[in-house]
Amino acid sequence: MQAGVDEFMRSALESVAPGTPLREGLEYVISARTGALIVIGDEDGVAPLCNGGFNVGIPFTAQRLFELAKMDGAIVLDGKCESILRANVHLVPDHKLPTSETGMRHRTAERVSRQTEALVISISQRRDVVSLYKSGAKVVLEPVEVLLAKANQALQTLERYRIRLDQETARLTSAEFDDLVTLSDIAEIVRRFEVVMRVSREVGRYTAALGIEGRLVRMQAEELTASVEENYILLLRDYAVGGGPRKASSMKAAIEDLTAERLLENDVIAGVLGYPASSRIEEHIQGRGHRVMNKIPMLPTTVISRVIERFGTLADLLQASPGQLDDVDGVGTRRAEAITDGLKRVRREAGA
């Protein structure tokens with residue numbers, strides 16, 4: 001599924017999540033076993049496909065949706081699901097558009113989604129299955145209990161990966177102070193960060209679909225992923241070739257696009273980070289110190305950037321005296337001492 005469609009589907013799942021008026025209306029339709037075909041948004045694109053029916057133009061309520069679903073035709077809503085525009089409509093999409101569905105209602109839903117920018121919801125009359133279509137992509141709305149089970153399983157996986165990530169980053173910090181970091185180490189840490197981010201996004205998709213039922217899962221996921229993305233960016237700024245903020249963000253996006261198979265290859269990750277193909281994966285490299293400096297409290301990011309720009313690498317920064325730090329614009333005597341003491345504290349905590 002394309003990234004834009006995937007994001008739209010997540011938004012769609014949120015709009016039909018438990019606790020929303022639209023979900024309430026869908027539940028009414030399911031319980032009555034009437035079936036329904038509901039088109040949401042892209043009014044200009046949908047209008048030419050509508051034949052018959054009648055204009056309604058009334059505010060949306062779950063009860064009104066249920067009553068109108070008793071008729072055979074489709075129901076058309078505005079993009080925000082605030083108004084019911086038309087009801088009992090016969091939709092006539094291009095019959096040449098491909099579809100993998102067999103039932104008439106679902107075939108129409110998929111074709112309308114391919115021909116317009118609308119979200120189309122099809123509710124099976126006999127099987128109580130709710131299908132969402134966008135640009136030909138399909139998502140089946142799963143029962144709350146099934147989603148909760150999957151969300152909790154994904155949450156447990158996220159917790160395990162976060163524990164391992166913390167262990168690996170602690171080991172990296174120790175290696176940084178001893179100047180023993182290799183390109184292979186960084187590729188492994190990057191992979192750990194990316195896996196945590198991917199599982200986090202999976203949990204996010206479940207919580208979006210769960211709505212109010214996923215509140216506790218969402219809170220736990222937020223706690224488990226606290227500061228992960230920030231530290232990920234700092235790591236990339238430390239070790240990526242030309243690691244400015246924008247460069248780090250673009251590299252993070254490039255790593256996100258890697259397949260699961262390519263993510264396992266250290267050479268591929270090293271290439272994304274800007275290292276030439278001739279680089280040996282076990283060669284020693286030096287970090288700039290963003291991630292370590294960020295562990296020192298009350299130190300503005302602008303000051304951190306100036307200090308790192310002045311000394312270049314963490315190894316050189318560790319050799320700097322308070323007087324040399326004081327010479328950096330914006331540091332001053334107190335901050336110079338705080339940086340020196342802070343680096344010593346981080347080093348002790350890392351066991352280096």
Side-chain angles (χ1 to χ4, degrees), residues 1-17 20-30 32-141 208-209:
M1 190 181 295
Q2 296 177 349
V5 177
D6 185 57
E7 183 60 32
F8 188 96
M9 279 300 186
R10 175 166 177 166
S11 175
L13 287 171
E14 289 176 347
S15 70
V16 298
T20 61
L22 182 55
R23 179 57 174 264
E24 184 182 359
L26 298 182
E27 295 290 353
Y28 286 160
V29 176
I30 292 171
R33 293 182 177 273
T34 60
L37 184 59
I38 304 167
V39 183
I40 302 172
D42 192 16
E43 293 89 338
D44 293 338
V46 172
L49 310 184
C50 295
N51 183 24
F54 50 88
N55 296 326
V56 180
I58 57 175
F60 173 89
T61 67
Q63 188 64 37
R64 285 170 175 166
L65 180 71
F66 168 57
E67 294 296 338
L68 292 171
K70 294 178 181 178
M71 296 180 286
D72 291 335
I75 302 169
V76 181
L77 310 181
D78 71 310
K80 295 182 179 180
C81 296
E82 294 176 348
S83 300
I84 301 176
L85 305 178
R86 306 183 70 171
N88 200 29
V89 172
H90 177 53
L91 294 171
V92 191
D94 186 350
H95 69 279
K96 297 179 182 178
L97 290 172
T99 175
S100 58
E101 300 290 355
T102 54
M104 182 62 68
R105 181 179 283 132
H106 288 70
R107 289 168 68 87
T108 300
E110 183 176 0
R111 282 174 171 154
V112 170
S113 77
R114 290 185 183 277
Q115 194 168 344
T116 70
E117 295 297 318
L119 168 69
V120 188
I121 302 175
S122 177
I123 306 176
S124 174
Q125 184 172 356
R126 289 176 294 178
R127 296 186 294 129
D128 297 340
V129 174
V130 181
S131 302
L132 281 61
Y133 297 87
K134 169 62 181 177
S135 300
K138 175 183 177 181
V139 172
V140 176
L141 199 62

Give a yes or no on whether the backbone of [Y] and the side-chain of [X] come within a donor-acceptor separation of less than 3.5 Å.
X: Ser122; Y: Ser131; answer: no
X: Arg23; Y: Ala17; answer: no
X: Glu110; Y: Ser100; answer: yes

Would Lys70 and Glu67 satisfy salt bridge (Lys or Arg N to Asp or Glu O under 4.0 Å), going step by step from the backbone distance to the final call?
-> CA-CA 6 Å; Lys70 294 178 181 178; Glu67 294 296 338; 2.9 Å; yes

Of Thr116, Thr108, Val120, Thr99, the residue whose pairing with Pro93 passes side-chain contact (heavy atoms from CB on, under 4.5 Å) |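 Running side-chain contact (heavy atoms from CB on, under 4.5 Å) over Thr116, Thr108, Val120, Thr99 with Pro93 returns exactly one hit, Thr108.
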
Can you name the one residue among Leu37, Val130, Thr34 that meets side-chain contact (heavy atoms from CB on, under 4.5 Å) with Ile123?
->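 With Ile123 as partner, side-chain contact (heavy atoms from CB on, under 4.5 Å) holds for just one option, Val130.
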
Give the minimum heavy-atom separation between [X] and [Y], together with the two atoms involved.
X: Ala32; Y: Phe66; value: CB-CE1, 3.3 Å
X: Arg114; Y: Leu97; value: CB-CD1, 4.2 Å
X: Gly35; Y: Val29; value: O-CG1, 3.7 Å
X: Asn88; Y: Gly73; value: OD1-N, 3.1 Å
X: Ala118; Y: Gly41; value: CB-O, 3.5 Å
X: Arg64; Y: Pro59; value: NH1-O, 2.8 Å

Working to the nearest 0.5 angstrom, can you tell me the gap between [X] [atom1] and [Y] [atom2]?
X: Thr20; Y: Glu27; atom1: OG1; atom2: CD; value: 9.5 Å
X: Leu85; Y: Ile58; atom1: CG; atom2: CD1; value: 10.0 Å
X: Gln115; Y: Asp42; atom1: CD; atom2: CG; value: 10.5 Å
X: Leu22; Y: Lys80; atom1: CG; atom2: NZ; value: 15.5 Å

Verdict with supporting geometry, Leu65 and Ile38, side-chain contact (heavy atoms from CB on, under 4.5 Å) | CA-CA 9 Å; Leu65 180 71; Ile38 304 167; 4.0 Å; yes

Please step through side-chain contact (heavy atoms from CB on, under 4.5 Å) for the pair Ile84 and Leu77, ending with a clear verdict.
-> CA-CA 5 Å; Ile84 301 176; Leu77 310 181; 3.6 Å; yes

Report the C-alpha separation of Asp78 and Glu43 in whole Å, then their side-chain angles, then the decisive distance to 0.1 Å, and conclude whether the side-chain contact (heavy atoms from CB on, under 4.5 Å) test is met.
-> CA-CA 7 Å; Asp78 71 310; Glu43 293 89 338; 3.4 Å; yes

So which of Arg107, His106, Lys138 actually passes side chain to side chain donor-acceptor pair (under 3.5 Å) with Glu101?
->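 That would be Lys138.
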
Is there a side-chain contact between Ile121 and Leu132 (heavy atoms, below 4.5 Å)?
->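 Heavy-atom side-chain distance check passes, below 4.5 Å.
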
Does Leu13 reach the side chain of Leu141, with side-chain heavy atoms less than 4.5 Å apart?
->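 Yes, side chains in contact.
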
Would you please test Cys50 and Leu91 for side-chain contact (heavy atoms from CB on, under 4.5 Å) and show each step?
-> CA-CA 5 Å; Cys50 295; Leu91 294 171; 3.9 Å; yes

